[in-house]
Amino acid sequence: MAKVTKKTARGRAAPKLARVGPGELLTLLDFVRYAVSRFVEAKLAFAHGTTDPVAEAAFLVCEALHLHPEQLDTFANARVTAAEGKGILDLIHQRVTTRKPAAYLVNKIYMRGLPFYVDERVIVPRSFIGELLESHFGADGEAGSLIDDPTAVERVLDLCTGSGCLAILAAHHFPNATVDAVDISKGALEVAARNVGEYALEDRISLYRGDLFAPLGGKRYDLIISNPPYVDAEGMAALPPECRAEPKLAFDGGADGLDVVRRILRDAPDHLTADGGLICEIGRGRELVDEAFPELPLLWLDTEDSEGEVFWIAAADLG
């Protein structure tokens with residue numbers, strides 16, 4: 001009888017991980033090194049809160065041990081118990097054999113150092129807007145600020161909120177603001193509600209289900225933030241298995257990736273206050289956006305890990 005080989009969900013033979021003998025891996029650093037080797041060997045994709053195999057390995061090892069990733073250096077040479085080691089190896093095995101994003105395996109992701117719950121109902125958050133809220137919306141008079149005084153912001157809108165991370169970060173950064181967060185997905189809003197509750201922000205963040213501005217009536221905002229679907233048809237066809245585990249709705253931006261972005265730019269003027277503005281993430285589609293909207297004075301913003309993937313435009317310049 002032919003030997004039956006275990007298959008992955010897509011029909012390929014599941015990768016075999018090197019067997020680990022008792023006492024071969026002892027410290028946190030040992031397990032991180034082992035995970036990095038297995039991740040590189042399996043040619044995993046990294047784009048879900050971590051950008052390389054080392055960061056991903058550190059994230060999974062720390063989560064298995066209930067440590068914040070920033071605590072790795074403190075405990076790098078600490079010994080791991082046999083039971084803890086088994087849990088870590090199980091996570092490494094799942095990451096390699098299922099190709100699911102690490103965040104789904106532990107139901108957690110960090111943005112700007114804060115933990116958020118995630119599962120397969122939402123895209124794994126990795127927006128650059130969280131960093132930009134800190135770097136470009138500073139205190140009164142700070143150089144480079146797009147809105148000088150965060151305390152003066154009274155109403156914020158987060159379009160395509162997903163897990164609600166950006167809405168929560170906005171609530172933290174603009175202490176006097178109420179935040180409306182919109183998503184078309186019922187499941188995503190369930191995850192967002194859980195995160196809003198975890199941060200006890202129910203009195204400041206309101207969740208709406210609907211298509212972009214549709215559920216908001218005539219409301220206007222001092223700031224609109226959005227990380228909408230922006231992957232084009234070619235990009236959708238080339239998504240790695242990790243991204244295919246995420247909701248397609250959160251990626252698909254139409255043939256050229258700009259279907260949702262066009263609608264946001266079209267309708268945003270009806271929902272911004274006179275001194276307000278829009279900040280929108282579009283990935284690597286800057287050239288297409290500039291060609292599609294040559295009349296708009298878009299200000300392209302850079303972060304530590306991105307260049308020209310997010311734009312800002314003031315309400316006055318949207319017409």
Engineer: Just wondering, more than 12 heavy atoms not from E24 lying within 6.0 Å of its CD?
Structural biologist: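 Counting other residues, nucleotides and ligands, CD of E24 exceeds 12 neighbours.
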
Engineer: Quick one: closest heavy-atom pair of P69 and F59, and the distance?
Structural biologist: CG-CD1, 4.3 Å

Engineer: Counting only heavy atoms from other residues, nucleotides and ligands, does the tally under 6.0 Å from CZ of R112 exceed 12?
Structural biologist: yes

Engineer: Step through the shown structure and confirm whether more than 12 heavy atoms of other residues, nucleotides or ligands are within 6.0 Å of CG on D90.
Structural biologist: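 More than 12 within 6.0 Å, yes.
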
Engineer: For V118 versus V191, what's the shortest heavy-atom pair and its separation?
Structural biologist: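 That closest heavy-atom pairing would be CA-CG1, 4.4 Å.
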
Engineer: How are the rings of F213 and H271 set to each other: parallel, tilted or perpendicular (split at 30° and 60°)?
Structural biologist: parallel

Engineer: Using atom types as modelled and distance alone, determine if a side-chain donor or acceptor of S306 lies under 3.5 Å from a backbone N or O of D302.
Structural biologist: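 It does not hold such a pair.
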
Engineer: With under 30° as parallel and over 60° as perpendicular, where do the rings of F39 and F46 fit, or are they tilted in between?
Structural biologist: tilted

Engineer: State yes or no: do V260 and I224 share one hydrophobic cluster built from I, L, V, M, F, W and Y residues joined by side-chain heavy-atom distances below 4.5 Å, directly or via other members?
Structural biologist: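 Yes, same cluster.
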
Engineer: Flag this pair as yes if the NZ/CZ of R33 is under 6.0 angstrom from the six-membered ring centre of F31 and inside a 45 degree cone about the axis; otherwise no.
Structural biologist: no

Engineer: Show the nearest heavy-atom pair for residues P150 and F137, with the distance to one decimal.
Structural biologist: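 What the structure gives for the nearest pair is CG-O, 3.2 Å.
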
Engineer: Between D222 and T273, is there a side-chain donor-acceptor contact under 3.5 Å, judged purely by atom types and distance?
Structural biologist: yes

Engineer: Could you pull out the closest heavy-atom pair between A167 and I205, with the gap in Å?
Structural biologist: O-CD1, 3.8 Å

Engineer: What do the steps show when you test L298 against D290 for side chain to side chain contact (heavy atoms under 4.5 Å, CB included), and what is the final call?
Structural biologist: CA-CA 8 Å; L298 302 176; D290 282 336; 4.2 Å; yes

Engineer: Might you confirm whether atom CZ of R220 has over 12 heavy atoms from other residues, nucleotides or ligands at distances under 6.0 Å?
Structural biologist: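 Result for CZ/R220: enclosed.
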
Engineer: Do the side chain of D183 and the main chain of G162 share a donor and acceptor less than 3.5 angstrom apart?
Structural biologist: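 Yes; at least one donor-acceptor contact below 3.5 Å.
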
Engineer: Is it true that the side chains of D119 and Y104 contain a donor and an acceptor less than 3.5 Å apart?
Structural biologist: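 Looking only at side-chain atoms, Y104 and D119 do not form any donor-acceptor pair under 3.5 Å.
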
Engineer: Quick check against the 3.5 Å criterion: does Q71 have a side-chain atom that pairs as donor or acceptor with the backbone of H68?
Structural biologist: yes

Engineer: Tell me whether D52 contacts the main-chain N or O of A55 through its side chain, where contact means a donor paired with an acceptor under 3.5 Å.
Structural biologist: yes

Engineer: Pick from T81, L72, L60, L28: which one makes a side-chain contact (heavy atoms from CB on, under 4.5 Å) with L65?
Structural biologist: L28

Engineer: Got a salt bridge between E190 and R194, using NZ or NE/NH1/NH2 to carboxylate O under 4.0 Å?
Structural biologist: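 Result for this pair is no, no salt bridge flagged.
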
Engineer: Please say whether more than 12 non-hydrogen atoms of neighbouring residues, nucleotides or ligands are located less than 6.0 Å from CD in E154.
Structural biologist: no

Engineer: Can you confirm whether the side chains of T151 and D149 place a donor and an acceptor under 3.5 Å from each other?
Structural biologist: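 Judged by distance alone, the side chains do pair up.
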
Engineer: Considering only heavy atoms from C-beta outward, does the side chain of V310 approach that of I279 to under 4.5 Å?
Structural biologist: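 Answer yes - side chains close enough.
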
Engineer: Can L169 be reached from F128 by stepping across I, L, V, M, F, W or Y side chains whose heavy atoms are under 4.5 Å apart?
Structural biologist: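 Same cluster.
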
Engineer: I'd like to know if the side chain of R155 reaches the main chain of V179, judged simply by a donor and an acceptor atom lying under 3.5 Å from each other, with no hydrogens or angles considered.
Structural biologist: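 Checked: no pair found.
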
Engineer: When you look at NZ of K248, are more than 12 heavy atoms from neighbouring residues, nucleotides or ligands closer to it than 6.0 Å?
Structural biologist: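 Count not over threshold, so no.
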
Engineer: Is it the case that one hydrophobic cluster holds both F251 and L166, taking links as side-chain heavy atoms less than 4.5 Å apart, direct or via other members?
Structural biologist: no

Engineer: Hey, is R286 close enough to E307 for a salt bridge, meaning N to O under 4.0 Å?
Structural biologist: no

Engineer: Tell me whether R204 is salt-bridged to D180, with the criterion being a basic N under 4.0 Å from an acidic carboxylate O.
Structural biologist: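 Not counted as a salt bridge, because no side-chain N and carboxylate O are separated by less than 4.0 Å.
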
Engineer: Donor-acceptor check, side chain of R38 to backbone of V96, threshold 3.5 angstrom: yes or no?
Structural biologist: no

Engineer: List the steps, then state whether ring-ring contact (aromatic ring centres under 6.0 Å, His included) holds for Y199 with F116.
Structural biologist: CA-CA 9 Å; Y199 284 94; F116 296 96; 5.4 Å; yes

Engineer: Using every non-hydrogen atom in the two residues, find where Y110 and E63 come nearest and quote the distance to one decimal.
Structural biologist: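 Here Y110 and E63 meet closest at OH-OE2, 3.0 Å.
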
Engineer: Run K100 and E242 through salt bridge (charged side-chain N to carboxylate O under 4.0 Å, His left out) and show every step you take.
Structural biologist: CA-CA 5 Å; K100 286 185 178 181; E242 285 84 350; over 6 Å; no

Engineer: Taking a hydrophobic cluster as the set of Ile, Leu, Val, Met, Phe, Trp and Tyr residues connected by side-chain heavy atoms closer than 4.5 Å, whether directly or through intermediates, do L89 and V54 fall within one such cluster?
Structural biologist: yes

Engineer: Give me the atom names and distance for the closest heavy-atom approach of P241 to R99.
Structural biologist: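 Heavy atoms of P241 and R99 come nearest at CD-NH2, 3.6 Å.
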
Engineer: Answer yes or no: is there a donor N or O on one side and an acceptor on the other, between the side chain of D30 and the main chain of L26, under 3.5 Å?
Structural biologist: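 Yes; judged by distance alone, with no hydrogens or angles, the pair exists.
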
Engineer: Linking I/L/V/M/F/W/Y whenever any side-chain heavy atoms sit under 4.5 Å apart, do V231 and V124 land together?
Structural biologist: no

